[in-house]
Amino acid sequence: DTEVTQTPKHLVMGMTNKKSLKCEQHMGHRAMYWYKQKAKKPPELMFVYSYEKLSINESVPSRFSPECPNSSLLNLHLHALQPEDSALYLCASSQGVGRNTGELFFGEGSRLTVL
Amino acid sequence: GENVEQHPSTLSVQEGDSAVIKCTYSDSASNYFPWYKQELGKRPQLIIDIRSNVGEKKDQRIAVTLNKTAKHFSLHITETQPEDSAVYFCAATTSGGSYIPTFGRGTSLIVHP
């Protein structure tokens with residue numbers, strides 16, 4: 001299995017809702033990432049987990065809460081989002097960490113619309 | 001931190017022509033330079049990468065060149081085909097930092113049949 005799987009593919013939520021995005025990889029990769037991508041823009045790093053521990057938080061608002069239950073799973077909990085948070089949320093993984101990071105394997109993304 | 005500039009933002013070519021996308025980076029400590037292709041509605045996927053100890057790398061119709069002195073690297077696609085139409089992102093990873101790639105703004109390549 002060489003894929004990163006994300007669910008749901010599409011999500012519409014109101015500003016008072018609580019929802020979660022899920023990501024799974026079974027490649028034995030040691031690092032997992034959340035990116036946010038707006039239309040016609042590059043992916044923007046949000047969080048990095050290395051060996052299941054949060055190693056990077058790119059000053060993301062607390063309404064986004066990441067969680068890494070185990071080495072294969074990564075969640076992004078969403079609460080009290082704003083319409084400007086509407087975007088494609090990409091999960092990625094890499095076999096290595098640090099200087100051995102190498103290739104990022106991306107999931108297909110979860111397209112989030114906040115009403 | 002690292003800053004990656006990518007040009008052009010849009011590139012339109014005829015099928016069979018060559019396409020060149022250029023990127024510059026700011027941190028001389030950067031040592032890994034991947035290129036990702038993102039088709040419309042799809043995930044970004046690595047198409048080729050190069051490390052700082054190599055000046056050029058080829059994979060069939062795709063090649064990447066690196067000039068460490070000038071701090072720029074380029075993607076070359078020969079004999080373009082309509083299926084090459086996509087957004088291409090260059091990236092640079094700094095050895096002295098977090099090792100997370102910094103992406104360029106992307107180039108939308110359109111190959112006309």
Side-chain angles (χ1 to χ4, degrees), chain A residues 2-7 9-10 21 23-25 27 29-51 53-60 87-112, chain B residues 1-11 21 23 25 27 29-54 57 59 64 85-110:
Chain A
T2 58
E3 281 203 345
V4 175
T5 305
Q6 289 187 243
T7 56
K9 289 187 177 1
H10 300 275
L21 306 181
C23 175
E24 192 169 359
Q25 58 88 13
M27 296 178 280
H29 286 181
R30 299 180 177 92
M32 297 186 76
Y33 310 75
W34 280 115
Y35 282 88
K36 173 182 178 181
Q37 188 177 31
K38 291 277 200 179
K40 300 186 186 299
K41 298 290 186 183
E44 179 185 336
L45 184 66
M46 300 174 73
F47 303 103
V48 181
Y49 275 82
S50 298
Y51 294 99
K53 294 192 187 304
L54 183 65
S55 60
I56 294 177
N57 177 340
E58 290 289 301
S59 302
V60 179
L88 181 69
Y89 288 84
L90 291 163
C91 175
S93 68
S94 63
Q95 183 175 26
V97 299
R99 64 175 66 247
N100 298 314
T101 296
E103 178 180 359
L104 296 180
F105 291 79
F106 286 91
E108 292 284 4
S110 294
R111 186 161 299 282
L112 173 66
Chain B
E2 176 64 278
N3 182 45
V4 178
E5 298 285 336
Q6 183 172 348
H7 299 279
S9 56
T10 305
L11 181 57
I21 302 170
C23 290
Y25 59 97
D27 193 336
S30 289
N31 63 352
Y32 175 63
F33 307 91
W35 286 87
Y36 288 86
K37 174 184 180 182
Q38 187 174 25
E39 296 177 37
L40 189 63
K42 301 287 188 181
R43 73 186 80 192
Q45 289 188 288
L46 182 77
I47 55 170
I48 196 166
D49 56 11
I50 192 167
R51 295 195 179 271
S52 58
N53 59 347
V54 177
K57 184 176 178 181
D59 183 2
V64 56
S85 296
V87 178
Y88 291 80
F89 294 102
C90 65
T93 302
T94 302
S95 63
S98 64
Y99 300 98
I100 306 300
T102 299
F103 286 93
R105 65 176 181 173
T107 295
S108 178
L109 174 64
I110 303 165

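Computation of the quantities below employed the complete heavy-atom set of this structure, encompassing side-chain atoms and omitting hydrogens, waters and symmetry-equivalent molecules. Quick caveat, the model's predicted, so the values are computed rather than measured. Just so it is clear: chains get the letters A, B, ... in the order the sequence lines come, proteins before strands, and each one is counted from 1.
For A:Q95, the CD atom counts as loosely surrounded, since its 6.0 Å shell holds 12 or fewer non-hydrogen atoms of other residues, nucleotides or ligands. Residue A:K38 qualifies as enclosed at atom NZ: its count of foreign heavy atoms under 6.0 Å is above 12.
With a 4.5 angstrom heavy-atom cutoff, A:Q37 touches chain B only via side-chain atoms. If you measure heavy-atom distances from B:P34 to chain A, you find no contacts under 4.5 Å at all. Proximity to chain B (any heavy atom under 4.5 Å) is shown, for A:V97, by neither the backbone nor the side chain. At a 4.5 Å heavy-atom cutoff, B:Q6 makes no contact with chain A through either its backbone or its side chain.
Scanning both residues, B:F103 and A:P43, for their nearest heavy atoms gives CD1-O, 3.9 Å. Closest of all the heavy-atom pairs between B:Y36 and A:L104 is OH-N, 2.9 Å. The shortest heavy-atom contact between A:P42 and B:R105 is CD-O, 3.8 Å.
A distance of 8.0 Å separates OG1 in B:T10 from NZ in A:K40, rounded to the nearest 0.5 Å. Note that OH of B:Y32 and CD of A:E103 are 6.5 Å apart. Values are rounded to the nearest 0.5 Å. Here the straight-line distance linking atom CG of B:L46 with atom CZ of A:F106 works out to 10.0 Å at 0.5 Å rounding.
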Is there a side chain to side chain contact (heavy atoms under 4.5 Å, CB included) between B:I100 and A:L45? Walk through the geometry before answering. CA-CA 9 Å; B:I100 306 300; A:L45 184 66; 3.6 Å; yes
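Between chain A and the options B:A91, B:P44, B:G106, the largest number of non-hydrogen pairs under 4.5 Å is found for B:P44. Listed options A:S94, A:G102, A:G96, A:A92 were ranked by heavy-atom pairs under 4.5 angstrom with chain B; first place goes to A:G102.
With contacts defined as side-chain heavy-atom distances shorter than 4.5 Å, the pair A:Q6/B:R43 does not qualify.
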